[in-house]
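Single-structure report; data block below.
Residue numbers run from 1 in the order of the sequence given. Both counts, for ligands and for their atoms, begin at 1 and track the order of listing. Keep in mind it's a predicted model, so treat the numbers as computed, not measured.
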Amino acid sequence: MSKSKARGVATRLTQVGRDLGAAGVPVNPPVHRASTFVFPSLAALDEAWKTPFNGRLYGRNGTPTSTAFEAAIAEIEGGYGAVAASSGVAAIMAVFVAFVGQGEHALVPDSVYDIVRRCDTRMLKRMGIELSYYDPLVGKGIAELIRPNTKLIYLESPGSGTFEIQDVPAIVEVAKARGIRTAIDNTWATPLFFRPLELGVDAVVEAATKYIVGHSDAMLGVVATTQDAFMPVRAAVQDMGSCAGTEEVNLGLRGLRTLDARLVRHQASAIEVARWLSGQPVVRKVLYPALPGAPGHELWKRDFSGASGLMSFELPPLAEGALEAMVSGMSHFKLGYSWGGYESLILPVHTENRKVTPWTGGPLLRIHIGLEDVSDLIEDLQAGLGRLTLS
Ligand SMILES: *Cc1c(COP(=O)(O)O)cnc(C)c1O
């Protein structure tokens with residue numbers, strides 16, 4: 001696999017994970033569908049065991065397609081390596097299993113992607129792994145929450161649904177001083193707009209299901225790591241058998257080619273929608289860190305180079321049935337989980353599972369700004385807000 005020599009990320013996205021050296025190669029690497037690779041001799045089989053993850057030993061260890069995707073992600077994230085997994089959640093669980101063992105402890109922000117809480121109570125607890133939740137805005141105050149058995153500080157910035165921007169450098173500094181690993185969910189910003197490995201984070205999780213695949217048609221996760229964190233994460237994905245499917249990996253690779261172009265559009269439309277929403281009398285607050293004056297804007301400006309298309313906004317207390325009237329009547333924003341595809345989505349945010357920083361504001365709606373004409377989206381939102389009746 002040749003590495004891209006380009007400096008610009010849009011150029012690199014068109015080149016990573018491809019073999020550009022030989023004559024007459026197809027533009028896109030072929031999709032290798034394989035469980036089984038065959039060998040002419042026992043010696044050749046033994047030889048293949050020396051590099052089990054080069055995509056030519058057994059399908060669960062990798063295929064040339066997954067190897068290409070992992071190389072591409074490692075290069076774009078600036079990591080030593082990357083490990084593909086069958087979903088974003090599989091990637092997150094691999095990080096916990098890789099770094100935290102029985103009788104050990106991890107710190108998790110209260111704004112974490114909610115499914116992590118479910119994995120906590122259903123699986124991690126049974127494995128003897130203890131999670132405790134912290135205020136995402138704690139900054140260097142994280143030091144006081146560290147226990148003798150704390151092995152991992154997990155981060156997610158901005159937080160799911162509520163968009164708190166964490167002081168990542170401050171938390172990493174505390175963790176490093178104590179030899180504790182850090183991992184972050186970077187799905188919102190993608191490696192294009194936030195570069196946690198450069199700030200000293202050990203492992204970066206992307207739910208590639210979202211912007212990397214970009215078309216709402218595949219489940220895929222990936223973890224990019226430092227050299228030191230790489231083998232534990234690789235082993236965890238292997239041991240859980242949560243390897244990514246080759247068709248999905250190929251869709252991730254395809255998505256990378258247009259990631260920059262798509263994010264430019266998501267960002268431009270999202271900032272326009274955020275501005276418009278913040279001028280609506282019925283909207284109490286817009287939670288979009290790229291919006292001047294929004295919570296977290298200063299930290300976002302310091303650490304991020306862009307913003308994607310996902311935000312929330314807060315409404316005042318509503319009359320019964322008001323949310324139903326607004327949300328069910330939308331023309332372009334469809335109700336659905338996930339985000340990061342080309343289409344706009346809307347969803348009420350559930351904050352009732354928060355433990356240490358309860359949400360005390362009004363009802364929250366999360367919207368994903370897709371690639372449609374922004375004028376259509378604003379018109380749709382305007383009509384929707386007009387259907388609301390306050391309590
Ligand atoms: C969707 C999502 C995930 C989980 O990804 P899946 O591929 O759906 O398992 C993790 N983190 C964040 C922030 C997400 O939005």
Side-chain angles (χ1 to χ4, degrees), residues 69 73 77 82-97 108-120 122-124 131 133 136 154-166 168 183-194 196 201 203-224 233 236-237 240-245 247-249 251-252 255 263 266 270 287-289 296 304 307-312 336-341 343-351 353-354 364 366-370:
F69 176 66
I73 292 288
E77 297 266 11
V83 184
S86 55
S87 69
V89 166
I92 294 169
M93 283 305 104
V95 162
F96 280 97
V97 169
V108 176
D110 211 16
S111 50
V112 73
Y113 179 64
D114 206 46
I115 302 298
V116 173
R117 295 177 208 274
R118 211 180 287 167
C119 298
D120 172 12
R122 282 210 300 231
M123 187 176 77
L124 296 176
L131 269 51
Y133 296 82
Y154 185 81
L155 303 100
E156 182 182 330
S157 187
S160 274
T162 43
F163 295 88
E164 295 90 342
I165 296 283
Q166 298 198 251
V168 176
I184 192 166
D185 185 329
N186 194 40
T187 303
W188 181 84
T190 83
L192 270 56
F193 292 154
F194 189 44
V201 174
V204 180
V205 173
E206 308 282 351
T209 305
K210 311 290 165 58
Y211 283 117
I212 291 175
V213 166
H215 294 72
S216 306
D217 54 0
M219 303 298 299
L220 184 65
V222 65
V223 189
V233 172
V237 169
M240 295 193 289
S242 51
C243 50
E247 300 287 349
E248 284 74 8
V249 158
L251 290 172
L263 282 175
H266 285 295
L287 304 179
Y288 186 61
F304 291 65
S308 63
L310 194 74
M311 71 183 81
S312 292
Y337 289 100
S338 201
W339 44 277
E343 79 291 5
S344 289
L345 293 167
I346 189 164
L347 206 64
V349 176
H350 289 283
T351 50
N353 293 332
R354 292 172 73 115
L364 277 179
R366 188 187 80 179
I367 50 175
H368 178 248
I369 304 303

For residues 212-219, please give each side-chain donor-acceptor pair under 3.5 Å, one per line with the distance, not counting sequence neighbours.
residue: His215; atom: ND1; partner: Val213; partner atom: O; Å: 3.0
residue: Ser216; atom: OG; partner: Glu343; partner atom: OE1; Å: 3.2
residue: Ser216; atom: OG; partner: Glu343; partner atom: OE2; Å: 2.8

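- Looking only at side-chain heavy atoms (C-beta outward), Phe96 and Val116 come within less than 4.5 Å of each other.
- The pair Arg354-Asp114 does not count as a salt bridge, with every side-chain nitrogen at least 4.0 angstrom from each carboxylate oxygen.
- By the side chain to side chain donor-acceptor pair (under 3.5 Å) test, Ser160 is found to be paired with Glu156, residues two or more places apart in sequence or in another chain being considered.
- Applying the ring pair (Phe, Tyr, Trp, His ring centres under 6.0 Å) test to Phe194 and every residue at least two apart in sequence or in another chain returns Phe304.
- Proximity of His350 to Arg366: side-chain heavy atoms (C-beta onward) are nowhere separated by under 4.5 Å.
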Please tabulate, one line per pair, the protein N or O atoms found under 3.5 Å from any N or O atom of ligand 1, giving the distance to one decimal.
residue: ligand 1; atom: 7 (O); partner: Gly88; partner atom: N; Å: 2.8
residue: ligand 1; atom: 7 (O); partner: Thr209; partner atom: OG1; Å: 2.5
residue: ligand 1; atom: 9 (O); partner: Gly88; partner atom: N; Å: 3.1
residue: ligand 1; atom: 9 (O); partner: Val89; partner atom: N; Å: 2.9
residue: ligand 1; atom: 11 (N); partner: Asp185; partner atom: OD2; Å: 2.6
residue: ligand 1; atom: 15 (O); partner: Lys210; partner atom: NZ; Å: 2.6
residue: ligand 1; atom: 15 (O); partner: Trp339; partner atom: NE1; Å: 3.2

